Amino acid sequence: VSGAIGTHIDRTVGKEFSYRHADKSRLHLNRKFKCNHSKLPLQDAIKKRLEEGYKGKRAIRKDAVTFVTHVLTGSHKEMTDLAKDKDRFEEWIQKNYGFLEKEYGKENIVRFVLHMDEKTPHIHAVTVPLTEDGRLSAREVVGNRKDLMALQDRYAENMLEFGLQRGAS
């Protein structure tokens, strides 16, 4: 299941259908950041993280949620304005990585990629929902609708210094 999103995030050659909205002449502006198993295809990175971090006694269910995708961005105007100041934009990128580290654990971040080839600059991140004690639990790590709204509130608080405002909840 991670194959399609992986080809989009990684801009896989030969799978251009997964990123047809991207401006091919701007592909070189994208940045793939080093994180846990980031050199592997996304499916393999997720599998590898599970092999090293899963401590459950039972086999992982075939229908288990093994990864969570995140898109980190703001409005088109906010993001294009922010991107004009390279130092400030770099601070924004690093603040996003730090936010994910705090929320999900550095070892559980298997993708962190900046896309500059689409209309609005944004970051794609993928995390594996392992608990601190090695259980696979998206319900515990991500939570329910109320928990997601609280996560978005925390994210908005972290991004205020960049002039980014929380969208409608």
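None of these values were measured; they are calculated from a predicted model.
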- Message: With heavy-atom distances below 4.5 Å as the criterion, would you say the side chains of Cys35 and Val110 are in contact?
- Response: no
- Tightest non-hydrogen contact, residues Gly74 and Thr120, listed as O-CG2, 3.9 Å
- Close side-chain approach of Ile123 to Trp92, heavy-atom, < 4.5 Å: yes
- Going by atom types alone, do Ser18 and Thr7 pair a side-chain donor with an acceptor below 3.5 Å? yes
- Take atom NZ of Lys24 as the centre, draw a 6.0 Å sphere, and report whether it contains more than 12 heavy atoms from other residues, nucleotides or ligands. yes
- Does Val126 share a hydrophobic cluster with Ile60, counting links as ILVMFWY side-chain heavy atoms below 4.5 Å and allowing steps through other members? yes
- Rounded to the nearest 0.5 Å, the CG atom of Leu114 sits from the CD1 atom of Ile9 at a distance of 12.5 Å
- Query: For Phe17, does its backbone N or O pair with a side-chain atom of Arg20 as donor and acceptor, under 3.5 Å?
  - Reply: yes
- Item | Heavy-atom side-chain contact between Glu161 and Lys95 under 4.5 Å | yes
- Look up atom OG1 in Thr127 and atom CG in Asn36, then write down how far apart they are to the nearest 0.5 Å. 12.0 Å
- Query: Side chains of Thr131 and Asp133: donor-acceptor distance under 3.5 Å anywhere?
  - Reply: yes
- Message: Determine whether a donor-acceptor pair (N or O, by modelled atom type, separation under 3.5 Å) exists between the side chain of Arg49 and the backbone of Glu107.
- Response: yes
- Task: Check the pair Asp10, Arg111 against salt bridge (charged side-chain N to carboxylate O under 4.0 Å, His left out), reporting the backbone distance first and the verdict last.
- Result: CA-CA 9 Å; Asp10 292 340; Arg111 271 306 177 280; 2.8 Å; yes
- Message: Regarding Glu52 and Lys47, does a basic nitrogen lie under 4.0 Å from an acidic carboxylate oxygen?
- Response: no
- Are Ile5 and Ile109 connected in the hydrophobic side-chain network, where two residues link if heavy atoms are under 4.5 Å apart? no
- Item | Min side-chain heavy-atom separation Leu130-Val141 under 4.5 Å | no
- Message: Please report the interatomic distance CG(Leu151) to NZ(Lys146), rounded to the nearest 0.5 Å.
- Response: 14.5 Å
- Message: Quick check on the 6.0 Å ring-centre criterion: do Phe99 and Tyr155 meet it?
- Response: yes
- Message: Taking Phe112's backbone N and O only, do any of them form a donor-acceptor pair with Lys32's side chain (distance below 3.5 Å, no angle check)?
- Response: no
- Message: Using a 3.5 Å distance criterion without hydrogens, assess whether the side chain of Glu16 forms a donor-acceptor pair with backbone atoms of Gly14.
- Response: yes
- Hey, are the side chains of Glu90 and Asp87 touching, using non-hydrogen atoms and a 4.5 Å cut-off? no
- Task: Carefully, step by step, assess Asp117 and Arg11 under the rule salt bridge (charged side-chain N to carboxylate O under 4.0 Å, His left out).
- Result: CA-CA 10 Å; Asp117 59 355; Arg11 299 299 197 240; 2.8 Å; yes
- Item | Closest heavy-atom pair and its distance - Tyr54, Lys57 | OH-N, 4.4 Å
- Give, for atom NE2 of His70 and atom CG of Leu72, the distance between the pair rounded to the nearest 0.5 Å. 7.5 Å
- Please list, chain by chain and in numerical order, all residues satisfying side chain to side chain contact (heavy atoms under 4.5 Å, CB included) with His122, sequence neighbours excluded. Val71, Thr73, His115, Glu118, His124
- Indicate yes or no: at least one non-hydrogen side-chain atom of Met79 is less than 4.5 angstrom from one of Phe162. no
- Query: Is any side-chain heavy atom of Tyr104 less than 4.5 Å from a side-chain heavy atom of Pro129?
  - Reply: no
- Considering residues at least two apart in sequence or located in another chain, which fulfil the ring pair (Phe, Tyr, Trp, His ring centres under 6.0 Å) criterion with Tyr19? none
- Can you sort out the partners of Asp147 under side chain to side chain contact (heavy atoms under 4.5 Å, CB included), two or more places apart, ordered by chain and number? Asn144
- Task: Could I get the full list of side chain to side chain contact (heavy atoms under 4.5 Å, CB included) partners for Lys77, not counting sequence neighbours?
- Result: Ser75, Asp81
- Task: Would you give the length of the straight line joining atom CZ of Arg154 to atom CG of Asn158, rounded to the nearest 0.5 angstrom?
- Result: 9.0 Å
- Please list, chain by chain and in numerical order, all residues satisfying side-chain hydrogen bond (donor to acceptor under 3.5 Å, both in side chains) with Asp23, sequence neighbours excluded. Ser25
- Note on the structure: Sequence neighbours excluded, the answer for side chain to side chain contact (heavy atoms under 4.5 Å, CB included) partners of Glu157 is none
- Less than 4.5 Å apart, any side-chain heavy atom of Thr66 and any of Val128? no
- Item | Single-linkage hydrophobic cluster, 4.5 Å side-chain cutoff, Met116 and Leu164 together | yes
- More than 12 heavy atoms from other groups under 6.0 Å of CD on Glu132: no
- d(Arg58 CZ, Leu136 CG) to nearest 0.5 Å is 13.5 Å
- Message: Please determine whether residues Tyr97 and Val68 belong to a single hydrophobic cluster, defined as Ile, Leu, Val, Met, Phe, Trp and Tyr linked transitively by side-chain heavy-atom distances below 4.5 Å.
- Response: yes
- Query: Going through the distances and angles, do Leu160 and Gln165 end up as a side chain to side chain contact (heavy atoms under 4.5 Å, CB included)?
  - Reply: CA-CA 6 Å; Leu160 277 175; Gln165 301 282 321; 4.2 Å; yes
- Query: Hey, quick one: are Leu50 and Leu42 part of the same hydrophobic cluster, counting side-chain heavy atoms closer than 4.5 Å, chains of contacts allowed?
  - Reply: yes
